[in-house]
4 protein chains.
Amino acid sequence: MKKEQIILKAIEILAKKGYANTTTRMISERAGIAVGSLYTHFKSKDAILDHIFQNEYKKRAVYIDHLKEKECKHIEKIGMFLDFHFDELGENRDLMTVLVRESANPELQHLDGVKEFTEQLPLFFKSILEKAMENGEIRKLNADLTAEIIFSTIRGTVCGMAAKSEIQELEKIKKELKKFINNAVKNQEEFK
Amino acid sequence: MKKEQIILKAIEILAKKGYANTTTRMISERAGIAVGSLYTHFKSKDAILDHIFQNEYKKRAVYIDHLKEKECKHIEKIGMFLDFHFDELGENRDLMTVLVRESANPELQHLDGVKEFTEQLPLFFKSILEKAMENGEIRKLNADLTAEIIFSTIRGTVCGMAAKSEIQELEKIKKELKKFINNAVKNQEEFK
Amino acid sequence: MKKEQIILKAIEILAKKGYANTTTRMISERAGIAVGSLYTHFKSKDAILDHIFQNEYKKRAVYIDHLKEKECKHIEKIGMFLDFHFDELGENRDLMTVLVRESANPELQHLDGVKEFTEQLPLFFKSILEKAMENGEIRKLNADLTAEIIFSTIRGTVCGMAAKSEIQELEKIKKELKKFINNAVKNQEEFK
Amino acid sequence: MKKEQIILKAIEILAKKGYANTTTRMISERAGIAVGSLYTHFKSKDAILDHIFQNEYKKRAVYIDHLKEKECKHIEKIGMFLDFHFDELGENRDLMTVLVRESANPELQHLDGVKEFTEQLPLFFKSILEKAMENGEIRKLNADLTAEIIFSTIRGTVCGMAAKSEIQELEKIKKELKKFINNAVKNQEEFK
DNA sequence: AATGAATGAGGTTTCATTCAT
DNA sequence: GATGAATGAAACCTCATTCAT
């Protein structure tokens, strides 16, 4: 599908240059089409980014629904979500860079896809944290804030670090990050 | 000093619009001077941002030097640095938003100030973590990666959350974040 | 006939937006066909307008021929022509708006249909005026100029006013305009 | 004044090509400046036309105020206004062409200058016609409609004819048009 | 005949930077 | 030092037209 082909090439450039420094001409050239042809597939430059975020949000929403029904400790689900996230990262580093960077771009908060992505995912973390607290799996904490912190930690880590690293490093980073978050929230009492 | 006046006003706009969507005209108007006058104080638009980052990096470097000589548990120093960071945030929210957002902007990585800011601070965390590990204050961890994770966590949290919140919320966020990081790195053994 | 269907829909849009602001896509969408299909019926966008003008010119030419053979005062023929014109206006307001507006568009003067429409109709008025003068039906006047004035008056009135008015107003406008023109040209002597 | 220089050159092109077919580049080139410089003087392409109409409306409004205070037959004032109009036409044919043509352009009706021009002038004719009727200077007629007809007649005549004619013809056209309008409205009774 | 994705020239507008005053 | 009009490259987007299906 041509539309997806454009998205793929757009992500490459967006990852490297950032949204504001990516021109429609760059995208069209990389995609091997005329500038005008971009507009037969997307209403505007914005719409390309929106499409990317919508897509990725949907993927995550589906996975989260799947997680919700899983029978395991709630807190493990955050680890699983991290796995999912890092798998994606392994497969498409540029995509993650774009998601992470532009989701913090103030000029793009009007896009539905971006809004969903930045608002819904923390809500997921929050609900997991709340259930894990009820179950005594983790220490008492402010679910709202901590959910945002986790979201931010993941976002920041991916942006600042993972994007620059070699593939073989990813596994190490993931392990470190999981341990980091796990310790951060876990119920210290059970060690006593 | 006129130069500092420009910086102050520039930060206000940069925080709200992002670097790419901030024009030199906006800055000059807000600063109450002519566009041309910007260029008697700064070589270019870039240079304004560079100046901001240089400034802030120096402030942190000074504080870090001061911390290094302090006699206390190494791990407490991260907490202190967080305090310092959040005090700044309380005083100048816009500034923090700019630092955090633009330090992740790929188009600005050529600026000396930005480079120092993003490279040197993790090095500081790393050195603290290493010493704290030697001292048995914290669990064994990959100092490199964890330093980056902490940097990213702070960066992400400020950008995604602190910037939007009311002042009275800041204290709560800071406490939550300190506990989060503290737990994440601390030596679980001591609970046994 | 498909061709006429396209014309009909094109007129609707042309009336509302003007030629330059009417796109081939708009026309094709309104006509319920693909853009490409426009070009199986018409050589170009221009050609659509040309076809409209050709059509309407022919209608008028036929009516004028019919008038020429009529046995009545010459000057009454202008009134009759006005009736014919306003009947058309009553039936298809959009069409009249297009004819009137685009016949004054300098970028369309190269179209045969447009040229005929703007050049031939005044000639008709002129010939009537000349005969009416010979017959002493009207005052002495410059037939050339007055013919143009009448044409312009009709054109201007339709464009500026008739197009905006309610249907029930049309009759009033027509009466007023006929009286206006009639008085303007009539032989004052006969009142003495 | 540079702004007026741009207007002058813009009018030349607008007269020849029409608004939609006049590009900002054409205007800037003819005015001997860079494209971007247009925008230091005008907010947009629209604004150039608006400026033209505002200007001309003001000129007419001033003259009309002057006419109102004149002591003479009301109906003579329309003749005077025609004189004023044709004097302008003699001095700047292109300007008149633009005023006349674009005042009928549906895509420009949102401009304040255009609105004033097309709405206020007929109101002036109307008020003259009403007073002239009270005074028995002219026959009984619908002042509203006739005012519009006169406005349209002038507009149409200028556009369709005067714009194309040689200067020496103008005087003839003006005389013919004055007589035309005069007869059209005058009180036939006085001839009895 | 009908389609509609693809084209690319060309439209309007923005903006960092310069320079004569 | 300060000014702000002028610059022109480059941004996003439109649209009449074509052509493979």
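Letters A, B, ... mirror the listed sequences (proteins, then strands); counts begin at 1.
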J.: Report the distance from atom CG of B/Leu121 to atom OG1 of B/Thr118, rounding to the nearest 0.5 Å.
T.: 8.5 Å
J.: Sequence neighbours left out, what pairs pass side-chain hydrogen bond (donor to acceptor under 3.5 Å, both in side chains) with at least one residue falling in residues 20-45 of chain C?
T.: C/Glu12-C/Arg30
J.: Whole-Å distance between E/dA2 C1' and C/Gln5 CD?
T.: 16 Å
J.: Taking 4.0 angstrom as the limit, do C/Glu88 and C/Arg60 come out as a salt bridge?
T.: yes
J.: Under 4.0 angstrom, heavy atoms only, what part of the nucleic acid is B/Leu38 near: base, sugar-phosphate, or nothing?
T.: nothing
J.: Which letter, B, S or -, goes with each nucleotide of nucleotides 13-21 of chain F from 5' to 3', with contact meaning a protein heavy atom under 4.0 Å?
T.: BBSBBB---
J.: Would you find a donor on one side and an acceptor on the other, under 3.5 Å apart, between the side chain of D/Asp50 and the backbone of D/Gly113?
T.: yes
J.: Just the rounded figure in Å: distance from P of E/dT3 to CD1 of C/Ile33.
T.: 7 Å
J.: Which nucleotide, in any strand shown, forms a Watson-Crick or G-U wobble pair with E/dA1, with both distances under 3.5 Å?
T.: none
J.: Less than 4.0 angstrom between a side-chain N/O of C/His41 and OP1 or OP2 of E/dA2, yes or no?
T.: yes
J.: Write down the distance between CG (D/Leu49) and C1' (E/dT12), rounded to a whole number of angstrom.
T.: 15 Å
J.: Could you give the NZ-to-C1' distance, from C/Lys2 to E/dT3, as a whole number of Å?
T.: 11 Å
J.: Can you see whether C/His51 engages C/Glu4 through a side-chain donor-acceptor pair at a distance of less than 3.5 angstrom?
T.: yes
J.: Students often get this wrong, so: under 4.0 angstrom with heavy atoms, is D/Lys3 touching a base, only sugar-phosphate, or nothing?
T.: nothing
J.: Which whole-number value in Å describes the distance from D/Ile48 CD1 to E/dG11 C1'?
T.: 14 Å
J.: Checking base pairs now: Watson-Crick or wobble, both atom distances under 3.5 Å. What partners E/dA20?
T.: F/dT3
J.: Donor-acceptor pair, distance only, cut-off 3.5 Å: does the side chain of C/Glu102 make one with the backbone of C/Tyr19?
T.: yes
J.: Check the distance between E/dC15's P and B/Ile27's CD1 and give it to me in whole angstrom.
T.: 12 Å
J.: Without decimals, in angstroms, what is the distance between B/Ile6 CD1 and E/dA16 P?
T.: 15 Å
J.: Tell me the partner of F/dC12, counting only Watson-Crick (N1-N3 plus N6-O4 or O6-N4) or G-U wobble (N1-O2 and O6-N3) with both under 3.5 Å; none if nothing fits.
T.: E/dG11
J.: Rounded to the nearest 0.5 Å, how far apart are CD1 of C/Ile33 and CG of C/Leu38?
T.: 4.5 Å
J.: Within this structure, what is the CG-to-C1' distance between B/Leu108 and E/dA16, rounded to whole angstrom?
T.: 15 Å
